[in-house]
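Take a look at the structure set out below.
Just so we're on the same page: letters track the sequence lines, and every chain starts at 1.
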Amino acid sequence: MYNFKESESRWQDYWEKEKIYRFDWDSEKPVFSIDVPPRYASGKLHIGHATHYTHIDIMARYKRMRGYNVFFPLCFDVNGMPIEVNVEKKYGIKMRETPRHEFIKLCEDFANANIGEMIRQYKILGESMDPSIYYQTDAPYYRRITQLSFIKMFEKGLVYKAKHPVNWCPRCGTAIADAEIEYRKRKTNLNYIRFKVEEGGEIVIATTRPELLCTCQLIAVHPDDERYRDMVGKHAIVPIYGQKVEIVADEKVDPEFGTGAVMICSVGDKDDLEWIYKYNLKFLDGIDEEGRMTERAGKYAGLPVEEARRKIAEDLEKEGLLIKREEIEQNVGVCWRCHTPIEFVNKEQWFIKIRELKDEVRKTADEIKWIPEFMKKRLEEWINSLEWDWVVSRQRYFATPIPIWECENGHAFVPRFEDLQKMDRHVDPTVDPPPYENCPVCGAPLKGTEDVFDTWVDSSISPLYNTFWARDDEKFRKLYPMSLRPQSHDIIRTWAFYTILRCKSVTGEKPWEDIFVDSFILGPDGRPMHTSWGNVVDPLDIIDEYGTDPFRYFAASCTIGEDTPFRYKDVKRGRKLVIKLYNLGRFAKGVIREEIKKPEELRFMDRWILTRYSEVVREVTELMDEYRYDRAIKIIENFTWHVFADQYVEMIKHRLEDESTRYTLYQVFLGIIKMFAPFLPHITEEIYQDVFRGLVGEKSIHLTSWPEPVLKDEYALEVGEKVKDTIAEIRRWKNENRKEIKEIIIDGIADGIEDIAGTFKAKVKVGIEGNAEEKVIEVKPNFAVIGPKYKERAREIVDYIRNADPESLWKDILYGKAEINGIKITEDMVKVSKAKMYHGMEASVINVGDVTVIII
RNA sequence: GGGCCCGUGGUCUAGUGGUUAUGACGUCGCCCUUACAAGGCGAAGGUCCCCGGUUCGAACCCGGGCGGGCCCA
């Protein structure tokens, strides 16, 4: 009985001890480099991680066996807010109330403590990452490259500072990029508020954000809206605050929404911004960085936004200015880290110009092979929708410092590229001296910025870090661009986009040859896993119960590009497969034993299985090269179980001492476990060590080479299939009739008969003596021939063939007399089934295709 | 509102123009055949979501629906 737990951990220790997976800097082999997603060093391992890293591992193992020098770094992402938030929670502290560098230290310690556990998890998953090319994104050696790549863009004039409304998370107290916003549906009130019109009358506007009345600058209606025809050009008086605002007509207003009259504030949301530019309005701050109302809000100043909204609505109601309130559903932008609704705050930030790089990113994306192809569309969509530049500054602590010093007159400086290149760490403007004593332009003192980078600034240079950019030109030329970026589809607009943008901008070339976009693992119920839905499955529990290889079987079975619900039955199927392989191993061990010699002549059915096996190798290799591991594993599995085990192994049990048998079993079974090795690294190693190691020599199956086709024998393939089908039919007969078989007489095949005899332990005779009569049972149209040749006339031919008497039709065809409406029906246009009939024989007769079997 | 993906026996699923639609799970029947009963052999079970179109021929291509999901506004 296979003890997966003991076996799996034994081999994991062995691989670690023997350093099986290493990138070889001196090797002449072609390089296959993987731009591995550095795993984020907070949270738990969820099933999505476990599955994705398994997919990557399968590709890495495959490429290794195919003779590549595989660059598969062990790496972790260690920057940013989630870790900060975790540290705040763990110690019950607030970031801004803790000394900066003290807080950073706590973050580092927190992350490093997690990393140990994460490495252990990788080991349990059977990952083959190389710890000798390790990195983490918060390390001084990595942050230095982040800064160098930024300096390169700064020197190219792609960086600027501007006061501009930015997405602001009031809880995190920082600017965030468009790509970091998620949208949530929520219920809110649409308030109908009465405005007096200076020129007489009144206008009712509908708004979800009455607290922004203090920043109201304009009222807009649709130009065709009859209700407001005479209002356009007049001036409304804002309730409570009293400012006069113009009523304008604008196509953008939706007359169906609310009253058809909207107020434009600065800055409620991104749409307002458009109006601000269009009508040349001012940015008026109504909300501050903590999400409270500013002085401008008068008596509501200092109140959190939501509270102010409630209060102001109450006050308006008291004064009879709020005439209606209805509940509506709206989409609100929230911070993707903490889900706090974002606000727009007008503030100085650092930007990287991405709008002018759009075309270049698009072109570069076209040079990269996308798997699956349609995922590229998501990137294109995102590029097309980009309206703002990339806000790269964050008002946080635990991230790469922005290497900028400024003087009071607004002159900004970064360290010289060459100077930072010589250092062995990054610079931190909050502690390091400025690159120049005073401002080289105006002589004023320089002050280091306290802002840090958006974490995508770090992660978007992973290909540059991995390939020794700015450190070792020789290595860089050898490794860049990388072979493959594996990642999931939710971060196409961030990680993939920013990586292409920055790597292209810095090096002038694409970052990778291929990008593999992975999908999500959903709960067993088909919905996203969610603690509150109770459908979360912990991969470590699965592995504990079923083993790593069965889990990896599930992972490999996920169709590429489609979100897949987690399925226990796939894991269970994986476990059965592992057990099946284990037992095949036990069987093979008894047969293979000592040295294997290639026999002078192979037995017929050995030629058959070797040919089928070679076909599988060819097909699987092709699929693996296209990253279609999901299809590949099914093909190997099906061949192994239903062809090799159920049919071949059963038919050779009578000749196990034979040289040809032993050779064939050795070849095919070794090839099978090699093909399974990237998927099921443990059981294949177990079998390899037990059965094959002495004969092959390598100290691990994972160091052996991928199998190659060994035989192509068309005749053995064709006839072997008939033998196989014949055996299946005889089995069925035996099952139905429950009779002992004494003798089998076969007509139609002569080769491979020995294995029919061996399988049923019966005498087999070839060729039938006596009064046999051949009968045509069925003549069917061959669409593949008739269709293309006769097009619209195919129908009548088909109908004719179907309705004719098979026996006489076939005769006519043979004599060239078969025709319909002037079209001659030839042999290639039909498929004929014949059977032999026997008279005066006490026996059962089975027809298997054109093979006839008589059982006595 | 836009884009993309998906819809195949009870359940899940493979399949990108050609005879009889793949496999798994489940169900049922038979079998402990010397690797494996966590196994083997076999059976039942399908309007390939709907409607139209293209085609000699459509699960597959095109158009329009319906349903589910993802991304974006």
Side-chain angles (χ1 to χ4, degrees), chain A residues 1-2 178-179 181-183 254 269-271 331 333 372-387 488-493 519-520 522 524 526-528 546 550 553 557-559 561-565 567-570 572-591 628 630-631 634-635 637-638 641-642 645-647 649-650 653-654 656 665 669 687 691 727-738 759-761 778-799 801-802 830-831 833:
Chain A
M1 179 69 10
Y2 178 56
D178 280 2
I181 297 173
E182 282 179 2
Y183 288 82
D254 175 8
D269 60 31
K270 219 165 158 182
D271 289 335
N331 261 332
E373 178 78 35
F374 68 79
M375 288 292 183
K376 188 165 81 180
K377 284 242 165 80
R378 297 210 181 171
L379 182 77
E380 284 165 356
E381 287 275 305
W382 176 250
I383 294 172
N384 292 341
S385 72
L386 278 175
E387 286 170 3
S488 58
H489 61 57
D490 57 329
I491 50 175
I492 289 173
R493 69 180 199 265
S519 306
F520 282 175
L522 309 171
R527 297 186 299 169
Y546 298 93
Y553 174 86
S557 315
C558 297
T559 302
E562 268 179 59
D563 290 353
T564 311
R567 282 190 291 267
Y568 281 95
K569 65 178 192 65
D570 283 0
K572 288 178 184 165
R573 173 75 185 167
R575 183 174 55 179
K576 284 186 180 183
L577 177 62
V578 167
I579 293 166
K580 189 82 185 172
L581 288 172
Y582 176 77
N583 284 313
L584 273 168
R586 284 177 50 201
F587 173 77
K589 193 183 180 184
V591 178
R628 291 311 306 254
D630 55 332
R631 288 197 213 168
K634 296 285 179 198
I635 290 171
E637 177 187 351
N638 192 53
W641 203 313
H642 299 304
D646 290 347
Q647 290 159 0
V649 168
E650 292 305 324
K653 278 182 174 167
H654 67 97
L656 295 177
L665 192 72
F669 190 49
I687 296 167
V691 182
I727 289 174
E729 284 300 316
I730 297 173
R731 271 206 195 107
R732 198 160 66 92
W733 180 90
K734 211 180 152 191
N735 192 34
E736 266 170 24
N737 295 283
R738 331 197 47 71
T759 301
F760 298 104
K761 296 190 189 87
E778 196 178 21
V779 178
K780 285 193 289 188
N782 185 355
F783 285 91
V785 173
I786 301 171
K789 200 165 166 191
Y790 295 102
K791 304 279 179 199
E792 64 284 345
R793 299 199 60 188
R795 187 85 262 155
E796 46 190 296
I797 303 169
V798 168
D799 286 344
I801 294 170
R802 280 185 174 154
V830 296
K831 291 181 176 180
S833 336

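- Listed nucleotides: B:A35, B:C12, B:C4. Nearest to the side chain of A:F587: B:A35.
- As judged by a 4.0 angstrom heavy-atom cut-off over every strand, A:K761 is placed among the base-contacting residues.
- Taking atom P on both B:G68 and B:U8, the two are 14 Å apart, rounded to the nearest angstrom.
- Atom CD of A:E380 and atom C1' of B:G2 are 15 Å apart (whole Å).
- Distance A:I492 CD1 to B:C71 C1': 8 Å, rounded to the nearest Å.
- Residue A:A588 is out of contact with every strand shown, counting any heavy-atom pair closer than 4.0 Å.
- Between A:K572 and the phosphate of B:A38, there is no side-chain N or O to OP1/OP2 separation shorter than 4.0 Å.
- Considering only side-chain atoms of A:L584, the nucleotide from B:A35, B:C41, B:G3 that sits closest is B:A35.
- Heavy atoms of A:T559 sit under 4.0 angstrom from primed sugar atoms or phosphate atoms, though from no base atom.
- Looking at heavy-atom distances under 4.0 Å, A:D646 makes contact with sugar-phosphate atoms alone, never a base.
- Nucleic acid contact for A:K580: base, since at least one base atom lies under 4.0 Å from a heavy atom of the residue.
- The nearest whole Å value for the distance from the NZ atom in A:K576 to the P atom in B:G39 is 4 Å.
- Rounded to the nearest Å, the gap between the C1' atom of B:A73 and that of B:U13 is 34 Å.
- Interatomic distance, A:W382 CH2 to A:I492 CD1, rounded to the nearest 0.5 Å: 12.0 Å.
- As rounded to whole Å, 11 Å separates atom P of B:C5 from atom CD of A:E562.
- Residue A:V798 is classed as having no contact, given no heavy-atom separation below 4.0 Å to the nucleic acid.
- Straight-line distance from the CH2 atom of A:W641 to the P atom of B:C36: 14 Å, rounded to whole Å.
- With a 4.5 Å cut-off on side-chain heavy atoms, A:K653 and A:E650 count as touching.
- Rounded to whole Å, the distance from OH on A:Y582 to C1' on B:C36 is 11 Å.
- Distances shorter than 4.0 Å separate some side-chain N or O of A:R631 from OP1 or OP2 on B:G15.
- Here the side chain of A:W382 is nearest to one of B:U13, B:A73, B:U20, namely B:A73.
- When the C1' atom of B:U13 is taken as reference, atom OH of A:Y553 falls 11 Å away, rounded to whole Å.
- Taking the C1' atoms as reference points, B:C48 lies 16 Å from B:C61, given to the whole Å.
- Not a single donor-acceptor pair, N or O on each side, falls under 3.5 Å between the base of B:C4 and the side chain of A:K377.
- Taking atom C1' on both nucleotides, B:A14 is separated from B:G46 by 15 Å, rounded to a whole Å.
- For B:U27 and B:A21, the P atoms lie 25 Å apart once the distance is rounded to whole Å.
- Around the NZ atom of A:K589, the shell of radius 6.0 Å holds no more than 12 heavy atoms that belong to other residues, nucleotides or ligands.
- Nucleotides B:C25 and B:G45 are separated by 14 Å at their C1' atoms, to the nearest Å.
- When the C1' atom is used for both B:G42 and B:C6, the distance is 35 Å, rounded to whole Å.
- Residue A:K653 is classed as a base contact, given a heavy-atom separation below 4.0 Å to a base.
- Contact check, A:R573 against B:C25: a side-chain N or O comes under 4.0 Å of OP1 or OP2.
- Between the C1' atom of B:C31 and the CD atom of A:E650 lies a distance of 13 Å, rounded to the nearest Å.
- Taken to the nearest 0.5 Å, the CG atom of A:D646 stands 12.5 Å off from the CD1 atom of A:I727.
- Residues A:E637 and A:Y553 come closest through the heavy atom pair OE1-OH, 2.7 Å.
- Look at A:D630 and A:R628 and you find a salt bridge, because one of the NZ, NE, NH1 or NH2 atoms lies within 4.0 Å of a carboxylate O, short of that distance.
- In terms of phosphate contacts, A:H642 brings no side-chain nitrogen or oxygen within less than 4.0 Å of OP1 or OP2 of B:G39.
- Nucleic acid contact class of A:Y790 (heavy atoms, under 4.0 Å, all strands): none.
- No engagement by A:P372 is indicated, since no non-hydrogen atom pair under 4.0 Å with the nucleic acid exists.
- Taking the C1' atom of each, B:C30 and B:G69 are spaced 44 Å apart, rounded to whole Å.
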